[in-house]
Enquirer: 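Could you have a look at this structure, given as structure tokens, before my questions?
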Amino acid sequence: MRTLGLLVLSFGGLALAASPAFTAEPLDGARIYQEQCSRCHQPRTPADLSPSGWRAAAFHMRVKANLTRAELEALEAFLIPEPTRSVPTSPLMANPLYARECQRCHTSERVELAIASGRDAATWSATFARMRAYGAQLTDDEANTLATWLATQATTP
Amino acid sequence: MSPFLLLALTASAAAQQPAFGDTSFHLGGYGWAGFDVPIEEGTTPEFGSVGFAPIFLWREGDRMLVQTELEIVYGTDGLDVALEYATLDVDVGGPIVSVGKFLTPVGTFMPRLHPTWINKMILFPLPYRVGTFPMSHVGLSVQHAVRLGSQTRIMGTVFVDNGPQGTGDTPMLVPSVTDDDLDKGVGGRLSVQPVPEVELGVSGYTGAWNPDDPHRLWLGVADAAWTRAAWLDVRAEFLAGSWDAGGYLGGWAQGAWRIRQVQKLAFLEPVLRFGWAKGLDGSVDAPSTDVATALKPMGGEHGASDYELTTEPIYEFCYGLNAYLRNNILVKANFVHHVEDWSPTIHLSLAYGY
């Protein structure tokens, strides 16, 4: 039992370290998904499961991958889609490619922030290469078209 | 702290939660089918075992999950149905307490990487196939994770089970629901992600058996992984086991590159794995029956634990090419050989995670 005692003491130290000071930073569910899920397997897209399915599967992954509760909540916010993540009146929704693929996982606010940072078409293309790894269904031509269009939005009044 | 106190704390924490407002159910799992081509003269290519492993998930509110995985295999012994794990997992205010039958948290392969659609190769790594490692335990575990800043994470798990069983000087590493002594088996894993792409861990397990002539077993694993956004996966584990009448050392290293950088080849993933194992102080003949069950998905006899470890090490090379039809459906082609006796074999498998 001495071994068990040492293990529990070590574990208690871990638990004490979980103070709000360490965990107060807001978590980005998309980033948690990208960083933690791919530690073990190829990613599933948010569209793969129903909201109820994701709620059960996300807790399952919390146990399997040892995620914190805050990470689980951020992951659920990302994986469980709202009817539409983008504000319907967002000008981005005018592009059918954006409406079909990007807003399945990202809010228009997030994409608008990326646009405002002044990304060029090449940077957007690199982004789409990553997004396709996570399940975005874009052909080469569609990715190029969307990258060019998003790059021009930074200069569109 | 005794496991009974932990159980009481778990029940108390669950009782203090608000009434469960919603439930969610999901049926997931994975399936596979294989084909084996031994290259040695006089051997016959054959369709291997086929099976599926349904996973039932039932989530109650935000604090409780019931999860169960069956493994249903039609193989060389006919139809076989096994309960791979079945746990009740409760969030007790951050840490998670799990009771039931759970996959061993020692190392990373058994708890996280062994499902056929996740395992980059068809076979288990060699050190897991030599009959010296448990796959699951019946008992109680507590796990917790902490984020330190935006990059670093620390994860820990401790668990207690009934311990190894047996009447001789060689342990049986089975998830026993009976116990022949009061000395429980204990183990755990501590790991750190200094950055999200890197995970380093150490884990271990110890337990005693045969109260009339007490013996003790020690297992230890050190693991490291470097993964990049689902295209690069490099990992290695070093395993060691010791008990009065024997012991072993083993290890495996694997690199996989999904060719995301070339659009037309992005569905392909070459994989290379090296494994080795050797016995210490004489031969090792302690088959772990639940791992033997788990080996059945590997097809025919070629994945079976048919090694007797001696002080002469065994070396195995596996060369693989995976073709992803989707991120959760892949065809695996493996070429496997050993250094000592060559004995090359080609394995083909279709794996599907759902």
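Scope of the values below: all heavy atoms of this structure, side chains included, with no hydrogens, waters or symmetry mates. Quantities reported herein were computed from a predicted structural model and do not represent experimental measurements.
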Enquirer: Rounded to the nearest 0.5 Å, what separates atom CD in B:Gln143 from atom CG in B:Asp89?
Expert: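 CG of B:Asp89 is found 7.5 Å from CD of B:Gln143.
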Enquirer: Within a strict 4.5 Å, meaning less than it, do heavy atoms of the B:Lys332 and B:Val271 side chains meet?
Expert: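 Contact flag for B:Lys332/B:Val271 side chains = no.
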Enquirer: Report, as yes or no, whether the 6.0 Å neighbourhood of atom CH2 on A:Trp149 holds more than 12 heavy atoms from other residues, nucleotides or ligands.
Expert: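 It does: A:Trp149 CH2 has more than 12 such atoms within range.
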Enquirer: Taking side chain as everything from C-beta outward and backbone as N, CA, C, O, which of these in B:Glu197 sits under 4.5 Å from a heavy atom of chain A? Side chain, backbone, both or neither.
Expert: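 Contact with chain A involves no heavy atom of B:Glu197 at all.
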Enquirer: Examine whether an atom of B:Trp231 lies under 4.5 Å from a heavy atom of chain A, and if so say whether it belongs to the side chain, the backbone or both; otherwise answer neither.
Expert: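 Interface part for B:Trp231: neither.
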Enquirer: Kindly compute the distance separating CD (B:Gln67) from CG (B:Leu88), expressed to the nearest 0.5 Å.
Expert: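 One finds 9.5 Å between CD of B:Gln67 and CG of B:Leu88.
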Enquirer: Quick one: what part of B:Arg228 sits under 4.5 Å from any heavy atom of chain A, side chain, backbone, both or neither?
Expert: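 Contact with chain A is absent: no heavy atom of B:Arg228 under 4.5 Å.
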Enquirer: Ignoring hydrogens and geometry, is there a side-chain-to-backbone donor-acceptor pair from A:Gln42 to B:Ala230 under 3.5 Å?
Expert: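 Side chain of A:Gln42 to backbone of B:Ala230: a pair is present.
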Enquirer: Is a side-chain N or O of A:Trp124 found less than 3.5 angstrom from the main chain of A:Leu146, in a donor-acceptor match?
Expert: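 Between the backbone of A:Leu146 and the side chain of A:Trp124 there is no qualifying donor-acceptor contact (under 3.5 Å).
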Enquirer: Please classify the contact between B:Glu269 and chain A as side chain, backbone, both or neither, with a heavy-atom cut-off of under 4.5 Å.
Expert: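 Just the side chain, heavy atoms under 4.5 Å.
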Enquirer: Counting only heavy atoms closer than 4.5 Å, note whether B:Phe56 contacts chain A via side chain, backbone, both or neither.
Expert: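 Nothing of B:Phe56, per the 4.5 Å heavy-atom cut-off to chain A.
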Enquirer: So which of B:Arg260, B:Gln261, B:Glu199, B:Arg258 has the biggest tally of heavy-atom pairs under 4.5 Å with chain A?
Expert: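 The answer is B:Arg260.
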Enquirer: Would a distance-only check, ignoring hydrogens and angles, find a side-chain to backbone donor-acceptor pair under 3.5 Å from B:Arg147 to B:Ser150?
Expert: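 Judged by distance alone, yes, a pair lies under 3.5 Å.
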Enquirer: Can you check whether B:Tyr30 reaches B:Trp32 side chain to side chain, under 4.5 Å on heavy atoms?
Expert: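 In contact.
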Enquirer: Can you tell me which portion of A:Leu67 sits under 4.5 Å from chain B's heavy atoms? Options are side chain, backbone, both or neither.
Expert: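 Both parts, backbone and side chain.
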Enquirer: Using side-chain heavy atoms (C-beta onward) and a distance below 4.5 Å, is A:Glu101 in contact with A:Glu142?
Expert: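 When only atoms from C-beta onward are counted, A:Glu142 and A:Glu101 do not touch, as no gap falls below 4.5 Å.
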Enquirer: Go through the atoms of B:Leu27 and report whether side chain, backbone, both or neither lie under 4.5 Å from a heavy atom of chain A.
Expert: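 No part of B:Leu27 comes within 4.5 Å of chain A.
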Enquirer: Heavy-atom cut-off 4.5 Å, strictly under: side chain, backbone, both or neither for B:Phe102 against chain A?
Expert: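 B:Phe102 has no heavy atom closer than 4.5 Å to chain A.
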Enquirer: Taking every heavy-atom pair that is under 4.5 Å apart, which of B:Leu103, B:Leu113, B:Ile96, B:Thr87 has the most such pairs with chain A?
Expert: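 Most heavy-atom pairs within the cutoff with chain A belong to B:Ile96.
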Enquirer: Quick check on A:Asn66 against chain B: is it the side chain, the backbone, both or neither that has a heavy atom closer than 4.5 Å?
Expert: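 Both backbone and side chain.
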Enquirer: Can you tell which part of A:Arg39 gets under 4.5 Å to a heavy atom of chain B, answering side chain, backbone, both or neither?
Expert: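 Both backbone and side chain.
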Enquirer: If you measure from NZ on B:Lys101 to NE2 on B:His137, what distance do you get to the nearest 0.5 Å?
Expert: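 Between B:Lys101 NZ and B:His137 NE2, I get 10.0 Å after rounding to 0.5 Å.
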Enquirer: By a 4.5 Å heavy-atom criterion (distance strictly below it), what part of A:Asp28 contacts chain B: side chain, backbone, both, or neither?
Expert: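 Contact with chain B involves no heavy atom of A:Asp28 at all.
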Enquirer: Side chain from CB out, backbone as N, CA, C, O: work out which of these in B:Ser24 comes under 4.5 Å of a heavy atom of chain A, or both, or neither.
Expert: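 Both backbone and side chain.
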Enquirer: Report which part of A:Glu73 has an atom under 4.5 Å of a heavy atom belonging to chain B: side chain, backbone, both, or neither.
Expert: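 Neither part, no heavy atoms under 4.5 Å.
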Enquirer: So, the side chain of A:Arg69 versus the backbone of A:Glu71: is there a donor-acceptor pair under 3.5 Å, distance only?
Expert: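 The answer is no, because no donor-acceptor pair under 3.5 Å joins these two groups.
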Enquirer: Would you say that A:Val111 contacts A:Leu150 through its side chain, given a criterion of any heavy-atom pair below 4.5 Å between the two side chains?
Expert: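 Sidechains of A:Leu150 and A:Val111: in contact.
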Enquirer: Nearest 0.5 Å please: distance from the CG atom of A:Asp48 over to the CG atom of B:Asn328.
Expert: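 Going from the CG atom of A:Asp48 to the CG atom of B:Asn328 covers 6.0 Å.
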Enquirer: Specify which of A:His41, A:Arg62, A:Glu35, A:Arg55 makes the most heavy-atom pairs with chain B at under 4.5 Å.
Expert: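 So the answer, after comparing A:His41, A:Arg62, A:Glu35, A:Arg55, is A:Arg55.
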Enquirer: Shorter than 4.5 Å, heavy atoms on both sides: which option in B:Leu65, B:Thr227, B:Thr108 has the most such pairs with chain A?
Expert: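 Most heavy-atom pairs under 4.5 Å with chain A: B:Leu65.
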Enquirer: Just give me the residue among B:Trp117, B:Trp58, B:Trp226 that pairs up with chain A most often, heavy atom to heavy atom, under 4.5 Å.
Expert: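 Top count of heavy-atom pairs under 4.5 Å with chain A: B:Trp117.
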Enquirer: I'd like to verify something: which residue of B:Ser98, B:Gly94, B:Gly28 has the highest number of heavy-atom pairs under 4.5 Å with chain A?
Expert: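 Answer, by heavy-atom pair count under 4.5 Å with chain A: B:Gly94.
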Enquirer: Sort out for me which of B:Arg326, B:Lys120, B:Arg112, B:Gln263 touches chain A most, counting heavy-atom pairs under 4.5 Å.
Expert: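 Heavy-atom pair counts peak at B:Gln263.
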Enquirer: Determine the option with the most heavy-atom pairs under 4.5 angstrom with chain B, choosing from A:Ala57, A:Pro43, A:Ala65.
Expert: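 Counting heavy-atom pairs under 4.5 Å, the top option is A:Pro43.
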